[in-house]
Amino acid sequence: MGGRQEKLKGTLLSFVLAGALLLAWQVLTLPSAPPAEGIKGENAEYAQLMGMASATPASHGFPSPSQFGHDAWQQLQAPFHNSGPNDRGIGWQLGASLLRVFIGYGLAVAVAVPLGLLMGQLPLLARALNPFIQVLRPISPLAWMPIALYTIQNAEECGIFVIFICSLWPVLLNTSFGVARVRREWLDVARTLELGWAQRMWRVILPAAAPTIITGMRVGMGIAWLAIVAAEMLVGSSGIGYFVWNQWNNLSISNVILAVLLIGITGMILDTAFSALQRSVGYAE
């Protein structure tokens with residue numbers, strides 16, 4: 001009962017904070033007063049022509065919450081329209097980014113999990129590969145873009161490569177760590193029962209290491225979603241990152257804010273899905 005009340009209080013506090021942020025946003029975007037209020041007659045007309053005064057309050061240029069809501073609704077009414085490379089709905093752009101992420105991330109998992117399983121069981125292999133991993137892991141994904149563009153020479157495939165290279169390392173390292181930390185007593189029991197390598201892997205090692213592997217996959221997905229937005233800003237011809245940059249060039253700040261919110265919401269949904277998967281494979285010793 002107490003836990004439910006704490007959760008309700010947390011939810012109410014979140015709504016209060018959201019309301020406070022909207023109120024602050026509204027106050028900060030209120031139009032300012034005309035700068036030359038006391039000028040009359042011909043002097044006032046001259047001041048208006050020279051831009052020194054205005055008959056109406058000056059706007060900050062940044063949209064107010066109501067303006068943002070109106071512009072966002074206009075954009076969300078047709079999220080999947082496609083009228084050419086520079087006129088595609090935000091839903092279409094978000095889907096293009098997700099497709100790139102799923103392809104690159106899937107390839108990374110397909111490489112990292114088997115290699116991590118081997119590294120966890122073969123300390124010699126782990127020691128041999130560790131220097132290469134420690135050198136390549138800290139490199140920013142965007143630093144790979146010039147090399148990828150020169151060698152691959154395809155913007156779409158370059159984006160997938162960036163996702164692959166940035167999400168590979170957390171999955172690989174967490175898989176290797178999880179396998180190496182499997183309790184020896186469990187492995188000894190498997191040997192006593194004369195389980196083969198495949199049965200040991202499927203019945204003992206993978207279930208024991210699954211929480212750590214899912215943690216690495218969760219971190220890798222978060223990094224992949226961060227990297228694809230930046231990569232699409234540089235070389236993309238579609239995707240949510242390209243949409244943000246294109247709308248900025250068009251000075252449509254409302255659409256930029258909408259895209260930023262959708263990026264955050266999508267990232268939260270992906271992280272929540274991995275969190276649920278992580279809880280499903282967890283176990284109590």
Is it the case that atom CH2 in Trp25 sees more than 12 heavy atoms from other parts of the structure closer than 6.0 Å? yes

Quick note, side-chain hydrogen bond (donor to acceptor under 3.5 Å, both in side chains) partners involving residues 123-144, not counting sequence neighbours, are Asn130-Gln134, Gln134-Arg137

So, do Leu206 and Leu117 sit near enough that their side-chain heavy atoms are less than 4.5 Å apart?
yes

In short, salt bridge (charged side-chain N to carboxylate O under 4.0 Å, His left out) pairs touching residues 145-155 with sequence neighbours left out are none

Donor-acceptor pair, distance only, cut-off 3.5 Å: does the side chain of Gln93 make one with the backbone of Ile240?
no

Note: Ala224 and Ile163 closest approach over all heavy atoms is O-CD1, 3.1 Å

- Message: I'd like to know whether CH2 of Trp92 has more than 12 heavy-atom contacts from other residues, nucleotides or ligands below 6.0 angstrom.
- Response: yes

(Q) Membership question, hydrophobic clusters at under 4.5 Å side-chain separation (ILVMFWY): are Leu21 and Ile263 in the same one? (A) no

In terms of heavy-atom contacts, Met145 and Ala231 come closest through SD-CB, 4.4 Å

Inset, instruction - State, with a plain yes or no, whether a side-chain heavy atom of Val179 is found less than 4.5 Å away from one of Met119. - result: no

Scanning both residues in full, the closest heavy-atom pair of Thr29 with Pro63 reads CG2-O, 3.7 Å

Under a side-chain separation threshold of 4.5 Å, the hydrophobic residues clustered together with Val135 are none

Any Met233 side-chain heavy atom under 4.5 Å of Tyr242 side chain:
no

Here the salt bridge (charged side-chain N to carboxylate O under 4.0 Å, His left out) pairs for residues 239-264, sequence neighbours left out, are none

dist Thr175:OG1 -> Ile213:CD1 (nearest 0.5 Å) comes out at 4.5 Å

Notebook entry, point to check: Are any of the side-chain heavy atoms of Val229 and Ser97 separated by less than 4.5 Å?
Noted result: no

When rounded to the nearest 0.5 Å, the distance separating CG of Leu136 from CD1 of Ile165 is 6.5 Å

Apart from Leu124 itself, members of its ILVMFWY cluster (side-chain separation under 4.5 Å) are none

Residue pairs meeting side-chain hydrogen bond (donor to acceptor under 3.5 Å, both in side chains), one or both in residues 151-169, sequence neighbours left out, come to Arg100-Glu156

Minimal heavy-atom distance between Trp248 and Val256, with the atoms involved, is N-CG2, 3.8 Å

Applying side chain to side chain donor-acceptor pair (under 3.5 Å) to Ser66 and not counting sequence neighbours gives Ser64

- request: Answer with yes or no whether the hydrophobic clustering places Phe68 together with Leu22; edges join I, L, V, M, F, W, Y residues whose side-chain heavy atoms lie under 4.5 Å apart.
  value: yes

To the nearest 0.5 Å, atom CG of Asn246 lies from atom OG of Ser238 at 11.5 Å

Heavy atoms of Cys158 and Ile152 approach each other most closely as SG-CB, 4.1 Å

When rounded to the nearest 0.5 Å, the distance separating CG of Leu172 from CD1 of Ile133 is 4.5 Å

Exercise. Mind checking whether Leu258 and Ile90 have side chains closer than 4.5 Å, heavy atoms only?
Worked result: yes

_Can a side-chain donor-acceptor contact be found between Gln67 and Ser254 if the only test is distance below 3.5 angstrom?_
no

Rounding to 0.5 Å, atoms CG (Leu99) and CD1 (Ile228) come to a distance of 10.0 Å

Show me, pair by pair, the donor-acceptor contacts under 3.5 angstrom made by side chains of residues 264-274, not counting sequence neighbours?
from   : atom 1 : to     : atom 2 : distance (Å)
Thr266 : OG1    : Leu262 : O      : 2.7
Asp271 : OD1    : Arg218 : NE     : 2.9
Asp271 : OD2    : Arg218 : NH2    : 2.9
Thr272 : OG1    : Met268 : O      : 2.7

Residues passing the side chain to side chain contact (heavy atoms under 4.5 Å, CB included) test with Asn255, sequence neighbours excluded, are Gln75, Phe243, Gln247, Ser252

### Task
Test Gln26 against Leu30 for side-chain contact (heavy atoms from CB on, under 4.5 Å), laying out the working first.
CA-CA 6 Å; Gln26 178 66 38; Leu30 286 175; 3.8 Å; yes

Taking the side chain as every heavy atom from C-beta outward, state whether Ile223 and Pro170 have any atom pair closer than 4.5 Å.
yes

- Task: Following the transitive rule for hydrophobic clusters with a side-chain heavy-atom cut-off under 4.5 Å over Ile, Leu, Val, Met, Phe, Trp and Tyr, establish whether Val219 and Phe177 coincide in one cluster.
- Result: no

Residue set satisfying ring-ring contact (aromatic ring centres under 6.0 Å, His included) with Phe161, at least two apart, ordered chain then number -> none

Contacts satisfying salt bridge (charged side-chain N to carboxylate O under 4.0 Å, His left out) that involve residues 139-155 (not counting sequence neighbours) are none

Closest non-hydrogen atoms of Pro146 and Leu142, given as atom of the first, atom of the second and distance, are CD-O, 3.7 Å

Kindly list each side-chain donor-acceptor pair under 3.5 angstrom involving residues 102-115, sequence neighbours excluded, with atom names and distances?
from   : atom 1 : to     : atom 2 : distance (Å)
Tyr105 : OH     : Met217 : O      : 2.8

